[in-house]
Amino acid sequence: GNMKYTVSSLSFTCLTGSQMASLPEHFGIEIFYGWASERYWTELLKRCYQRERKSFSIHSPFDFYHMDSEIPDDQLFDYLSEPFDLYHRFSGTHYVVHTDSGGCRKLEEREKERLRARCMERINRFAEICESNGIGLVIENVPCPGGSGLFSQKDFTRLFQENSGLHALYDTGHGNMSGYDVRKLQAELKGQLAGYHLHDNFGDSDSHLRIGKGNMDWSAFMKGVKADTPGASMVLEYNEASVSDYEEDRKILESLVGE
């Protein structure tokens, strides 16, 4: 098929990291930058990209600061800009950043409004920094069980509709937990939806299961991909999987669109 599939470093932690180099060459690679040293990534990526492999993306660090953190803007942007050199060194295509810190928010509506406004303003400011540094920023939805997060589907959609230069990355597992209607999102954002994080769950926890191991409708999802976002990057983001599992699941997804 013509769809571009990428494998996240999520399942290749610690001792298994070096196995990423043995993923089939048609897979791109996305790394969780914050979980290893720059030296580690440089050595690993040199081995991953010595032949035909093309696509490379980075998931921003998010363990300590977020768009809604109570820290000065320049401190936040400094934290988020650290991977830029590595991104360019291996010709990155996407840089993934969360809308906010996620989780259930038992907050007054007014407080939510304040935090959401702060996130939106910072996302737009950081988008300018990315643009001037040649970085392809994509903004990802975060898991909010029961849809009680800062960004409802309506808020998430509005962020991109009001800022035509921004691009979205839709995380299927997070959306499933937050009660998002993926077909509606695909139809409304179309080309502004630049990528996906693909994994499954049962709606109650962010378990990052292989596709088909939770309760999501992958057939409907893939029809939407084909209809509305055919150029989107397809990133398999599993908690646990072997090298061969990724190829198996890619073939399943391809078969659902008749590729």
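Of all the heavy atoms in P83 and P61, the pair that sits closest is CG-CD, 3.9 Å. L150 approaches R116 most closely through the heavy-atom pair O-NH1, 2.6 Å. Taking every heavy atom of both residues into account, E237 and D171 meet most closely at OE1-OD2, 3.3 Å. Taking every heavy atom of both residues into account, L86 and I31 meet most closely at CD2-CD1, 3.7 Å. Annotation for A168 and F160: closest pair CB-CZ, 3.4 Å, computed over non-hydrogen atoms.
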Using the side chain to side chain donor-acceptor pair (under 3.5 Å) rule, take S219 and K223 through it: C-alpha gap first, then chi angles, then the decisive distance, then the call. CA-CA 6 Å; S219 178; K223 282 192 182 72; 3.1 Å; yes
Report the C-alpha separation of S11 and Y246 in whole Å, then their side-chain angles, then the decisive distance to 0.1 Å, and conclude whether the side chain to side chain donor-acceptor pair (under 3.5 Å) test is met. CA-CA 11 Å; S11 69; Y246 289 104; 2.4 Å; yes
Kindly determine whether Y196 and Q186 satisfy side chain to side chain donor-acceptor pair (under 3.5 Å), including the steps that lead there. CA-CA 11 Å; Y196 295 98; Q186 289 167 325; 3.1 Å; yes
Using side chain to side chain donor-acceptor pair (under 3.5 Å), reason through H59 and H98 one step at a time and then give a plain yes or no. CA-CA 9 Å; H59 195 306; H98 292 162; 3.2 Å; yes
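Side chain of H167 to main chain of I139: no donor-acceptor pair is present (N/O by atom type, distance under 3.5 Å, no hydrogens or angles). At least one donor-acceptor pair under 3.5 Å links the side chain of S9 to the backbone N or O of F32. No side-chain donor-acceptor contact under 3.5 Å links N239 to the backbone of L209. In this structure, S178 contributes its side chain and C144 its backbone to a donor-acceptor pair below 3.5 Å. Under the 3.5 Å distance criterion, the side-chain polar atoms of Y87 are matched with a main-chain donor or acceptor of G136. No side-chain donor-acceptor contact under 3.5 Å links Y238 to the backbone of S8. At least one donor-acceptor pair under 3.5 Å links the side chain of D68 to the backbone N or O of S101. The closest donor-acceptor contact from the side chain of Y49 to the backbone of S91 lies at 3.5 Å or more, if one exists at all. The backbone N or O of L80 sits less than 3.5 Å from a side-chain atom of Y95, completing a donor-acceptor pair. D200 contributes no side-chain N or O that, together with a main-chain N or O of I211, makes up a donor-acceptor pair within less than 3.5 Å.
Every residue meeting the side-chain hydrogen bond (donor to acceptor under 3.5 Å, both in side chains) condition with R210, not counting sequence neighbours, appears here in chain and number order: D245, E248, D249. Listed by chain and residue number, N163 satisfy the side-chain hydrogen bond (donor to acceptor under 3.5 Å, both in side chains) test with N124 (two or more places apart in sequence, or in another chain). D228 is linked by a salt bridge (charged side-chain N to carboxylate O under 4.0 Å, His left out) to R183, K190, counting only residues two or more places apart in sequence or in another chain. Considering only residues two or more places apart in sequence or on other chains, K184 meets the salt bridge (charged side-chain N to carboxylate O under 4.0 Å, His left out) condition with E188. For E111, the side-chain hydrogen bond (donor to acceptor under 3.5 Å, both in side chains) partners at least two apart in sequence or on another chain are R114. For C48, the side-chain contact (heavy atoms from CB on, under 4.5 Å) test picks out M20, A21, I29, L44, R53, with sequence neighbours left out. Listed by chain and number, the residues in a side-chain contact (heavy atoms from CB on, under 4.5 Å) with S205 are S207 (sequence neighbours excluded). By the side-chain hydrogen bond (donor to acceptor under 3.5 Å, both in side chains) test, N201 is found to be paired with N176, residues two or more places apart in sequence or in another chain being considered.
We find the CG-OG1 distance between L193 and T229 to be 5.0 Å, quoted to the nearest 0.5 Å. The CG atom of D73 sits 8.0 Å away from atom CZ of R118, with the distance rounded to the nearest 0.5 Å. The CG atom of L185 sits 8.5 Å away from the CG atom of D181 when rounded to the nearest 0.5 Å. Once rounded to the nearest 0.5 Å, the distance linking CZ of R250 with CG of L198 reads 13.0 Å. The distance from the CG atom of D74 to the OG atom of S81 is 10.5 Å, given to the nearest 0.5 Å. The CD atom of E128 sits 12.0 Å away from atom CG of N133, with the distance rounded to the nearest 0.5 Å.
Pairs of residues two or more places apart, or lying in two chains, that qualify as ring pair (Phe, Tyr, Trp, His ring centres under 6.0 Å) and include a residue from residues 124-148 are F77-F126. Annotation: salt bridge (charged side-chain N to carboxylate O under 4.0 Å, His left out) contacts involving residues 158-169, sequence neighbours excluded, comprise D155-R158, R158-E162. The stretch residues 13-39 participates, sequence neighbours left out, in these side chain to side chain donor-acceptor pair (under 3.5 Å) pairs: E25-R51, H26-E247, E30-S57, E30-H197, Y33-E38, Y33-E82, W35-D63, R39-E43.
Cluster annotation: Y170 is connected to M216 through the hydrophobic network of ILVMFWY side chains, with a link wherever side-chain heavy atoms come within less than 4.5 Å. Linking Ile, Leu, Val, Met, Phe, Trp and Tyr whenever their side-chain heavy atoms come within less than 4.5 Å puts I71 and F64 in one cluster. Note on F56 and M234: same hydrophobic cluster, where clusters join Ile, Leu, Val, Met, Phe, Trp and Tyr whose side-chain heavy atoms are under 4.5 Å apart, directly or indirectly. Hydrophobic cluster membership differs between F202 and M177, with clusters built from Ile, Leu, Val, Met, Phe, Trp and Tyr side chains linked at under 4.5 angstrom. In the hydrophobic clustering of this structure, L45 groups with F27; members are Ile, Leu, Val, Met, Phe, Trp, Tyr whose side-chain heavy atoms approach within less than 4.5 Å, directly or through other members.
Between L256 and F221 the shortest side-chain heavy-atom distance does not fall below 4.5 Å. Two residues are said to be in side-chain contact when any heavy atoms from C-beta on lie closer than 4.5 Å; F90 and I58 fail this criterion. Residues I135 and H88 form a side-chain contact, since some pair of their non-hydrogen atoms from C-beta on lies under 4.5 Å apart. With contacts defined as side-chain heavy-atom distances shorter than 4.5 Å, the pair L159/I123 qualifies. Side-chain atoms of L253 and Y5, non-hydrogen and from C-beta on, do get closer than 4.5 Å to each other. You'll find the side chain of M3 reaches within 4.5 Å of the side chain of V225, heavy atoms only.
Look at E254 and K251 and you find no salt bridge, because none of the NZ, NE, NH1 or NH2 atoms lies under 4.0 Å from a carboxylate O.
Through direct or relayed side-chain contacts under 4.5 Å between Ile, Leu, Val, Met, Phe, Trp and Tyr, V96 connects to V138, L169.
Considering F84, Y65, F62 in turn, Y65 is the only one that fulfils the ring pair (Phe, Tyr, Trp, His ring centres under 6.0 Å) rule with Y79.
Remark: aromatic rings of F156 and F151 are distant, center separation not under 6.0 Å.
Atom NZ of K112 has more than 12 heavy atoms from other residues, nucleotides or ligands within 6.0 Å. Counted within 6.0 Å of CD on E52, heavy atoms from surrounding residues, nucleotides or ligands total 12 or fewer; the atom is thus considered open.
Below 30°, between 30° and 60°, or above 60°: for H199 and H174 the angle between ring planes is above 60°, a perpendicular geometry.
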